Amino acid sequence: MGVQISPSLLSADFARLADEAAAVEDSADWLHVDVMDNHFVPNLTLGLPVVESLLRATSMPIDCHLMIDDPDRWAAAYAEAGARSVTFHAEAAGAPVRTARAIRALGARAGLALKPATPVEPYVDLLDELDMLLVMTVEPGFGGQRFLDVVLPKIRRAREAIAGRGLQVWLQVDGGVSEETIERCADAGADVFVAGSAVYGADDPGKAVNALRDQAERATARASWRAGRAAPR
Ligand code: DX5
Ligand code: ZN
């Protein structure tokens, strides 16, 4: 897989979720849905019933980002509902391998998310159990925050760990990803880009997705981590 863009509905109009999904249907790869429980993060968004409705209202694959306590208990239900990717936080999971296996057993992709201060090293031996690693580039909880450059070295180390093991694990970034910052993320090794305000704050969300993709693809083509890359011109 090359560059993938996953617009975050957190910055969309919650009263018109189906329309907001449709606005990026032709340009985006995924729809990123942020589930927040007011415990793991201070914000409260939506849960399984809304995800179920959204699944009926769109044909786009849903990329669920669970920012909730006790994902070991709740994550599988999102996969069972039909989310194609379910990501839970390492800081909240008591049994990440069991939870990832439960998600995969239901036919969804399993993702593990790391907050900015959570190191990647304790989780590299788990990469084989995962389809995606999400490195948060803001503190989870709210859209529209400023991108944290301090996380870039961790993205590089995560990319090295994935490549070093010969794995196909996707590396997602989420938080403050915009035209200003997406190239730095791609250069560090990210290949799945979540963008909330940069997409839904734009006049034309579809056009914003295309612009972000072009930038990420150009930066990826230049990036040193990319094996078999075309020579830079
Ligand atoms: C934040 C969420 C993000 C959020 C990103 O905790 O996980 O998905 O929507 O929003 P932006 O792109 O505006 O930082
Ligand atoms: Zn998110």
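This is a predicted model, so every value here is computed, not measured. All ligand and atom numbering here is 1-based and tracks the order in the structure.
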Inset, instruction - Start with the C-alpha gap between Arg213 and Asp29, add the side-chain angles, then the distance that decides, and say whether side chain to side chain contact (heavy atoms under 4.5 Å, CB included) holds. - result: CA-CA 10 Å; Arg213 185 193 303 283; Asp29 301 280; 3.0 Å; yes
Legend entry - Residue pair Glu25 / Ser59, side-chain heavy-atom distance below 4.5 Å: yes
Legend entry - Gly176 N/O to ligand 1 N/O under 3.5 Å: yes
Inset, instruction - With heavy atoms of Leu10 as the reference, note each atom of ligand 1 found under 4.0 Å away. - result: 4 (C), 9 (O)
Inset, instruction - Go through ligand 1 atom by atom and flag the ones less than 4.0 Å from a non-hydrogen atom of Pro140. - result: 6 (O)
Inset, instruction - Could you check which N/O/S atom of Asp174 is closest to the Zn ion (ligand 2)? - result: OD2
Inset, instruction - For the residue pair Pro140 and His89, establish whether any side-chain heavy-atom pair is separated by less than 4.5 Å. - result: yes
Legend entry - Atoms in ligand 1 flagged as close to Gly144, the criterion being non-hydrogen separation under 4.0 Å: 10 (O), 11 (P), 13 (O), 14 (O)
Legend entry - Residue and atom name of the nearest protein heavy atom (relative to atom 5 (C) of ligand 1), distance in Å to one decimal: Asp174 OD1, 3.5 Å
Legend entry - Salt bridge present between Asp128 and Arg165 (N-O < 4.0 angstrom): no
Legend entry - atom 1 (C) of ligand 1 - nearest protein heavy atom and its distance: Phe142 O, 3.5 Å
Inset, instruction - For Val194, counting its heavy atoms only, list the atoms of ligand 1 lying under 4.0 Å from any of them. - result: 8 (O)
Inset, instruction - Could you tell me the separation between the CG atom of Asp72 and the CH2 atom of Trp74, rounded to the nearest 0.5 Å? - result: 12.0 Å
Legend entry - Polar contact flag, side-chain donor to acceptor under 3.5 angstrom, Asp34-Thr45: no
Legend entry - Test item: Glu179 and Leu212 side chains (from C-beta on) under 4.5 Å apart, heavy atoms: yes
Inset, instruction - Looking only at N, O or S atoms, find the one in His65 nearest to the Zn ion (ligand 2) and name it. - result: ND1
Legend entry - Heavy-atom side-chain contact between Leu48 and Tyr78 under 4.5 Å: yes
Inset, instruction - Measure Ser8 to ligand 1 on non-hydrogen atoms and call it side chain, backbone, both or neither using the 4.0 Å cut-off. - result: side chain
Legend entry - Minimum side-chain heavy-atom gap Leu17-Val50 below 4.5 Å: yes
Inset, instruction - Please could you name the atoms of ligand 1 that His65 approaches to less than 4.0 Å, counting only its heavy atoms? - result: 7 (O)
Inset, instruction - Report yes if some N/O of Gly196 lies less than 3.5 Å from some N/O of ligand 1; otherwise report no. - result: yes
Legend entry - Vertex the Zn ion (ligand 2), rays to OD1 in Asp34 and NE2 in His32 - rounded to 10°: 90°
Legend entry - 4.5 Å side-chain heavy-atom contact, Phe147 and Val173: no
Legend entry - For Ala195, the ligand 1 atoms whose distance to one of its heavy atoms is below 4.0 Å: 12 (O)
Inset, instruction - Considering only NZ, NE, NH1 and NH2 on the basic side and carboxylate oxygens on the acidic side, decide whether Arg109 and Asp63 come within less than 4.0 Å. - result: no
Inset, instruction - Heavy-atom contacts with Ser197 under 4.0 Å: which atoms of ligand 1 show up? List them by number with element. - result: 11 (P), 12 (O), 13 (O)
Inset, instruction - Could you find the nearest protein heavy atom to atom 2 (C) of ligand 1 and give me its residue, atom name and distance? - result: Asp34 OD1, 3.4 Å
Legend entry - For Gly175, atoms of ligand 1 separated by under 4.0 Å from a heavy atom: 14 (O)
Inset, instruction - Could you name the option among Ser11, Ala198, Gly141, Gly143 that has the heavy atom nearest to atom 6 (O) of ligand 1? - result: Gly141
